[in-house]
Peer 1: 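Have a look at the structure that comes next, please.
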Amino acid sequence: MASDADCLVLGAGIVGVSTALQLQAAGRDVILVDRQPAGAATSFGNAGLIQGEGITPYMLPRNFSKLLMLALNRSPEAHVHYRSALALLPWLARYWWNSSERRFHAIASANAPLIARCLETHRTLIAAADADHLLRHDGYLRVVRDTADMDAEEAAQQDAHERYGVEYTVCNPDRLSELEPHLNDGLVGGFLMPQPAAISDPQALSAAYADLFKTRGGRVITADAQTLAQDDTRGWHVQTVDGAVSAQDAVVALGPWSGDLLKRLGINVPLAVKRGYHMHFSAEGNATLNRPVLDLDNGYVLAPMQRGVRLTTGAEFAARDRPPTPKQLAMTEPHARRLFPLASRLDAEPWMGARPCFPDMLPMVGAVPGRRGLWANFGHHHLGLTLGPVTGQLLAELITGQTAFTDPKPYSPGRFGRT
């Protein structure tokens, strides 16, 4: 059987581009396929954090009063689109079940081997891609306005430190002022998380990785990945304007669109999305922001980017393709303006993206059961930028028959059974 390459990687977001690079480094001839330029979709908008501390997952609250506040859209950290709620209920129920304390720690333990390597794998690619100018090592801040919340957060950070080695430094108001002189809004304290690094332009990082892939001999083809099909003559193939391109292996790394492709192949996976929004602002006068800042009370992040200060929202539970409803942006902007002296908006419209999520808060990495040569690398929850290179490394090891650096079972595409 003649093929055009060893492997097709479908999707040129940060996960797909990283996977293509890792397969290439393992000796495979790879074609990267997408309809858009690298990093132009979901990977375009996020807080830019490579979360070296991000072992513990983003849970649904188990406290009834807080859960009710979220359900009634009274908290800016989340928004439920009621027209989508009925279809999302089975997924939300599984997500809530996985948010129990027992499951929480099991998921964190499964996440830990990936997080442990996330910055190392990025640094290797960043150096090779000559993208060091995009990387900052100042960590990020979690800020608090209430002493009771401060105590609760400190207890949570101490537990994460004891269980998983997560590093943190408690900051009183004076220390916060030293780190970020232009923050205000009555903060009682915060926590400096030193392990994460930050990217000042996430799309530019994806583009730099794509350029590195091409420099090393990889091919990037504009095509619709949803045309993927398999036959005995060509193996896996997709259609381009110049005809089909084929390979013996195909990797689905389409983020929130991965489920669509698998469903067309007769495979259903419990993939949903958490939509999110961002807007860039200029800063007033000479105000500067040195690192990303998470407002724990209101569930948004302010992050210094090349374009300006980026305000990113929490999660919107809605169907992926419904029209944007940037209510969280409207709710959080007044809080953000009190926290930091934002000036004018720099974007004509809010950007909206969709984070692909499984109800157990872990990515899907490995061989798709019953489909020879079909592989998955998607569903990274809030950690696509963080985990793209390391899950790409794990998948490359599985595809090439190397010894995997960690047990891949927790991320297996077969872990949900046949659905």
Side-chain angles (χ1 to χ4, degrees), residues 12-18 37-54 58 115 118-123 125-127 129-143 179-180 183 191-210 255 274-283 288-296 299-315 328-329 332 336 339-340 342 345-347 350-356 380-391:
I14 190 66
V15 174
V17 174
S18 298
T42 303
S43 297
F44 181 88
N46 52 65
L49 284 169
I50 301 173
Q51 288 194 253
E53 94 309 345
Y58 291 88
I115 293 295
C118 69
L119 190 52
E120 172 192 342
T121 51
H122 263 295
R123 280 181 177 144
L125 296 181
I126 286 170
D130 196 23
D132 300 84
H133 62 287
L134 299 173
L135 183 64
R136 303 181 67 163
H137 294 281
D138 301 312
Y140 80 98
L141 282 173
R142 302 165 71 90
V143 297
L179 293 169
E180 297 293 344
L183 294 184
F191 302 84
L192 175 64
M193 314 303 292
Q195 290 166 297
I199 300 297
S200 61
D201 187 336
Q203 185 187 26
L205 183 66
S206 295
Y209 284 2
K274 294 182 186 179
R275 304 201 311 184
Y277 300 83
H278 81 226
M279 172 62 67
H280 290 99
F281 296 84
S282 58
T288 57
L289 192 66
N290 299 313
R291 56 183 57 75
V293 177
L294 168 61
D295 182 341
L296 283 167
Y300 67 86
V301 174
L302 286 178
M305 295 283 174
Q306 289 186 343
R307 177 164 171 75
V309 179
R310 179 180 288 183
L311 167 59
T312 66
T313 69
Q328 287 169 283
L329 201 59
T332 55
L339 179 64
F340 181 82
L342 298 173
R345 286 187 169 196
L346 299 177
D347 303 323
W351 176 88
M352 184 191 79
R355 309 173 185 98
H380 290 67
H381 207 57
H382 292 252
L383 298 174
L385 173 61
T386 297
L387 297 180
V390 70
T391 59

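Just so you know, residue 1 is the first one in the sequence shown, and it goes up from there.
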Peer 1: Say you draw a straight line from CZ of Phe281 to CG of Leu289; how long is it, rounded to the nearest 0.5 Å?
Peer 2: 13.0 Å
Peer 1: Please name the pair of heavy atoms, one in Thr386 and one in Leu49, separated by the smallest distance, quoted to 0.1 Å.
Peer 2: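 Closest heavy-atom pair between Thr386 and Leu49: OG1-O, 3.2 Å.
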Peer 1: What is the distance from atom CE of Met279 to atom CG of Leu346, rounded to the nearest 0.5 Å?
Peer 2: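 If we round to the nearest 0.5 Å, Met279:CE and Leu346:CG are 8.5 Å apart.
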Peer 1: As an exercise, state the distance from CE of Met193 to CG of Leu294, rounded to the nearest 0.5 Å.
Peer 2: 10.0 Å
Peer 1: Which residues pass the side-chain hydrogen bond (donor to acceptor under 3.5 Å, both in side chains) test with Ser18, sequence neighbours left out?
Peer 2: none
Peer 1: With sequence neighbours left out, what residues match Gln195 under side-chain contact (heavy atoms from CB on, under 4.5 Å)?
Peer 2: Glu53, Val166, Glu167
Peer 1: Using every non-hydrogen atom in the two residues, find where Gly54 and Leu383 come nearest and quote the distance to one decimal.
Peer 2: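 Between these two residues, the closest heavy atoms are O-CD1, 3.7 Å.
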Peer 1: Mind checking what makes side-chain contact (heavy atoms from CB on, under 4.5 Å) contact with Leu119, not counting sequence neighbours?
Peer 2: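 side-chain contact (heavy atoms from CB on, under 4.5 Å) list for Leu119, sorted by chain: Ile50, Arg123, Ala197.
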Peer 1: side-chain contact (heavy atoms from CB on, under 4.5 Å), that's the test. Do Leu179 and Asp138 meet it? Break it down for me.
Peer 2: CA-CA 10 Å; Leu179 293 169; Asp138 301 312; over 6 Å; no
Peer 1: What pairs with Arg275 under salt bridge (Lys or Arg N to Asp or Glu O under 4.0 Å), at least two apart in sequence or on another chain?
Peer 2: Glu316
Peer 1: Please test Phe340 against Val293 for side-chain contact (heavy atoms from CB on, under 4.5 Å), starting from the C-alpha separation and ending with a verdict.
Peer 2: CA-CA 10 Å; Phe340 181 82; Val293 177; over 6 Å; no
Peer 1: What side-chain donor-acceptor pairs closer than 3.5 Å can you find for residues 130-137, not counting sequence neighbours?
Peer 2:
unit_1	atom_1	unit_2	atom_2	d
Arg136	NH2	Asn290	O	2.8

Peer 1: With Glu180, which residues qualify under side-chain hydrogen bond (donor to acceptor under 3.5 Å, both in side chains), at least two apart?
Peer 2: Arg291
Peer 1: Identify the heavy atoms of Asp201 and Gln306 that sit nearest to each other, and give their distance.
Peer 2: OD2-OE1, 3.5 Å
Peer 1: Using the test salt bridge (Lys or Arg N to Asp or Glu O under 4.0 Å), find all partners of Arg307 that sit at least two apart in sequence or belong to another chain.
Peer 2: Asp347
Peer 1: As an exercise, state the distance from OG1 of Thr332 to CG of Leu311, rounded to the nearest 0.5 Å.
Peer 2: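 Here the interatomic distance stands at 4.5 Å.
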Peer 1: Please list, chain by chain and in numerical order, all residues satisfying side-chain hydrogen bond (donor to acceptor under 3.5 Å, both in side chains) with His278, sequence neighbours excluded.
Peer 2: none
Peer 1: Would a distance-only check, ignoring hydrogens and angles, find a side-chain to backbone donor-acceptor pair under 3.5 Å from Gln328 to Gly276?
Peer 2: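 Answer holds: no.
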Peer 1: Just do the side-chain contact (heavy atoms from CB on, under 4.5 Å) check on Tyr140 and Leu192 with the steps written out, would you?
Peer 2: CA-CA 6 Å; Tyr140 80 98; Leu192 175 64; over 6 Å; no
Peer 1: Restricting to non-hydrogen atoms, name the atom on Ala208 and the atom on Ala129 that form the minimum distance, rounded to 0.1 Å.
Peer 2: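 Where Ala208 meets Ala129 most closely, the heavy atoms are O-CB, 3.8 Å.
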Peer 1: The criterion is side-chain contact (heavy atoms from CB on, under 4.5 Å); which residues satisfy it with His382, sequence neighbours excluded?
Peer 2: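 Expected list: Tyr58, Lys274, Arg355.
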Peer 1: Output the distance between atom OG1 (Thr312) and atom CH2 (Trp351), rounded to the nearest 0.5 Å.
Peer 2: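 Between atom OG1 of Thr312 and atom CH2 of Trp351 there are 9.5 Å.
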Peer 1: How would you list all residue pairs meeting salt bridge (Lys or Arg N to Asp or Glu O under 4.0 Å) that involve residues 37-47, not counting sequence neighbours?
Peer 2: none
Peer 1: So which atom in Val301 and which in Ala47 form the shortest heavy-atom distance, rounded to 0.1 Å?
Peer 2: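 Reported closest heavy-atom pair: CG1-CB, 3.8 Å.
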Peer 1: Taking all atoms of both residues into account, what is the closest heavy-atom pair of Ala12 and Val17, and its distance?
Peer 2: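 Of all heavy-atom pairs spanning Ala12 and Val17, the closest is O-CG2, 3.3 Å.
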Peer 1: Show which side-chain atoms of residues 39-46 pair as donor or acceptor with protein atoms under 3.5 Å away, not counting sequence neighbours.
Peer 2:
unit_1	atom_1	unit_2	atom_2	d
Thr42	OG1	Ala354	O	3.3
Ser43	OG	Ile14	N	2.9
Asn46	OD1	Gly48	N	2.8

Peer 1: The criterion is side-chain hydrogen bond (donor to acceptor under 3.5 Å, both in side chains); which residues satisfy it with Thr288, sequence neighbours excluded?
Peer 2: none
